[in-house]
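All remarks here apply to the structure that follows.
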Amino acid sequence: MCRLNNITSTEPELEKWSAVDAWFTALFAPAEDIFERVLAANVEAGLPAHDVSMMQGKMLAFFITLMQAKTILEIGTLGGFSTLWMARALPAEGRITTLEADEQHARVARQNIHNAGLSDRVDLRTGKALEVLPSLSGPFDIIFIDADKKNNPGYLDWALRLSRPGTLIIADNIVRGGAILEAQSPDDNVQGIRTFLSRVANHPHLTATALQTVGAKGWDGFALAVVTPAKT
């Protein structure tokens, strides 16, 4: 068995998934220095390898282009890899606000963003997300949740407060190698995701879906929810 990004897979499965990911990446997101430098800087700084994949980053950028989004909220910056994918997709007047709890991660991300020449589009705020979120003003067009999973229910509450009808809410790492099926799991992250998904599924002002993914990051998935207008 192989464990990657907290997701367990067999070696043959992971090799095949990674090979397909590499082929897709060569077609749709060929290597660029901006992203190679970020990943190298993150490794050098000792950051955990929890960045989204190249194709997942391209997906986030695709949503921004599709929605013509101008305001993005990211909960969980890490080294800024996903941040830069989204920042590059924004129009010149666009802005991404990204939150990072870890001071070292934030320093690395800030330098990566500066090196990419995108500091003017990124507002990086340091501190625990649930403490920083009350200081923000919405609405945001897209909200990407990719931080500590045990607090996902709280992040959902704030995402709804900082949204508008039409806002897209994206949550990463919702499958966790199938652990999401374990109703009695002692893992706070699994329980946080289960509660988050239940609330999303039953919320009167959200329409949502969930997708499993496999690839270089193993077996996981995303939840996608759109805020709908309040009924009158």
Side-chain angles (χ1 to χ4, degrees), residues 2 4-7 9 13-45 47-92 94-98 100 105 108-122 124 141-147 168-175 177 209-224:
C2 175
L4 179 63
N5 204 21
N6 294 322
I7 300 162
S9 316
E13 286 176 330
L14 185 57
E15 287 177 7
K16 185 175 289 187
W17 298 342
S18 297
V20 172
D21 241 10
W23 189 62
F24 282 163
T25 298
L27 285 173
F28 299 110
E32 295 183 63
D33 285 346
I34 180 176
F35 297 119
E36 298 295 331
R37 288 196 300 267
V38 169
L39 292 177
N42 290 355
V43 170
E44 184 178 353
L47 271 61
H50 294 168
D51 311 278
V52 298
S53 70
M54 293 291 284
M55 291 309 300
Q56 291 166 350
K58 184 68 178 285
M59 181 193 73
L60 294 172
F62 182 81
F63 283 135
I64 292 171
T65 301
L66 184 67
M67 295 180 60
Q68 298 182 310
K70 295 181 179 179
T71 55
I72 312 296
L73 171 61
E74 177 182 47
I75 303 174
T77 314
L78 193 58
F81 185 73
S82 55
T83 313
L84 289 176
W85 265 109
M86 291 186 283
R88 282 210 328 173
L90 286 168
R95 189 80 166 168
I96 176 169
T97 299
T98 183
E100 176 54 50
H105 297 175
V108 174
R110 192 169 281 111
Q111 187 63 52
N112 286 336
I113 293 163
H114 171 77
N115 292 343
L118 290 168
S119 297
D120 61 328
R121 296 189 189 180
V122 181
L124 197 166
D141 298 325
I142 295 177
I143 299 173
F144 179 43
I145 301 173
D146 191 16
L168 173 63
I169 299 171
I170 308 168
D172 194 8
N173 305 129
I174 63 160
V175 175
T209 190
L211 302 172
Q212 297 184 79
T213 60
V214 296
K217 295 292 180 179
W219 174 26
D220 214 324
F222 290 88
L224 306 171

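Keep in mind the model is a prediction, meaning the values are calculated, not measured.
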Exercise: identify the closest heavy-atom pair between H105 and P48: NE2-CD, 3.8 Å
Separation between CD of E32 and CZ of R37, rounded to the nearest 0.5 Å: 10.0 Å
Side-chain heavy-atom pair R88, L118 within 4.5 angstrom cut-off: yes
L60 side chain reached by I142 side chain, heavy atoms, under 4.5 Å: no
Note, M86 side chain near T98 side chain (heavy atom, < 4.5 Å): no
Side-chain heavy atoms of F24 within contact of K58, under 4.5 Å: no
P91 versus K70, closest heavy-atom pair with distance: CG-CG, 3.9 Å
Between CG on residue L224 and OG1 on residue T209, distance to nearest 0.5 Å: 7.0 Å
Any F62 side-chain heavy atom under 4.5 Å of W85 side chain: no
V175 backbone acceptor or donor facing D220 side chain under 3.5 Å: yes
Beyond-backbone contact of W219 with E13, side-chain heavy atoms, under 4.5 angstrom: no
Donor-acceptor contact present, side-chain Q212 to main-chain G221, <3.5 Å: no
Among V108, V38, D120, L84, the one residue meeting side chain to side chain contact (heavy atoms under 4.5 Å, CB included) with I113: L84
Non-neighbouring partners of D141 that pass side chain to side chain donor-acceptor pair (under 3.5 Å), sequence neighbours left out: T71, R164
Side chain to side chain, F81 and L47, heavy atoms closer than 4.5 Å: no
Minimum heavy-atom distance A29-M55, with the two atoms named: CB-SD, 4.3 Å
Reported CZ-to-CD1 distance for the pair F144 and I72, which is rounded to 0.5 angstrom: 11.0 Å
Atom of I34, atom of A116 and distance for their closest heavy-atom approach: CD1-CB, 3.6 Å
Minimum heavy-atom distance T213-Q56, with the two atoms named: OG1-NE2, 4.1 Å
Trace of the side chain to side chain contact (heavy atoms under 4.5 Å, CB included) decision for N42 with N112: CA-CA 9 Å; N42 290 355; N112 286 336; 3.0 Å; yes
Student check: side-chain heavy atoms of L124 and S119 closer than 4.5 Å: no
Nearest atoms (heavy-atom pairs only) where A216 meets S18: CA-OG, 3.5 Å
Straight-line distance of D146 CG to T83 OG1, nearest 0.5 Å: 9.5 Å
Spacing of L211 atom CG and M59 atom CE [to the nearest 0.5 Å]: 8.0 Å
Interatomic distance, T77 atom OG1 to I96 atom CD1 [nearest 0.5 angstrom]: 8.0 Å
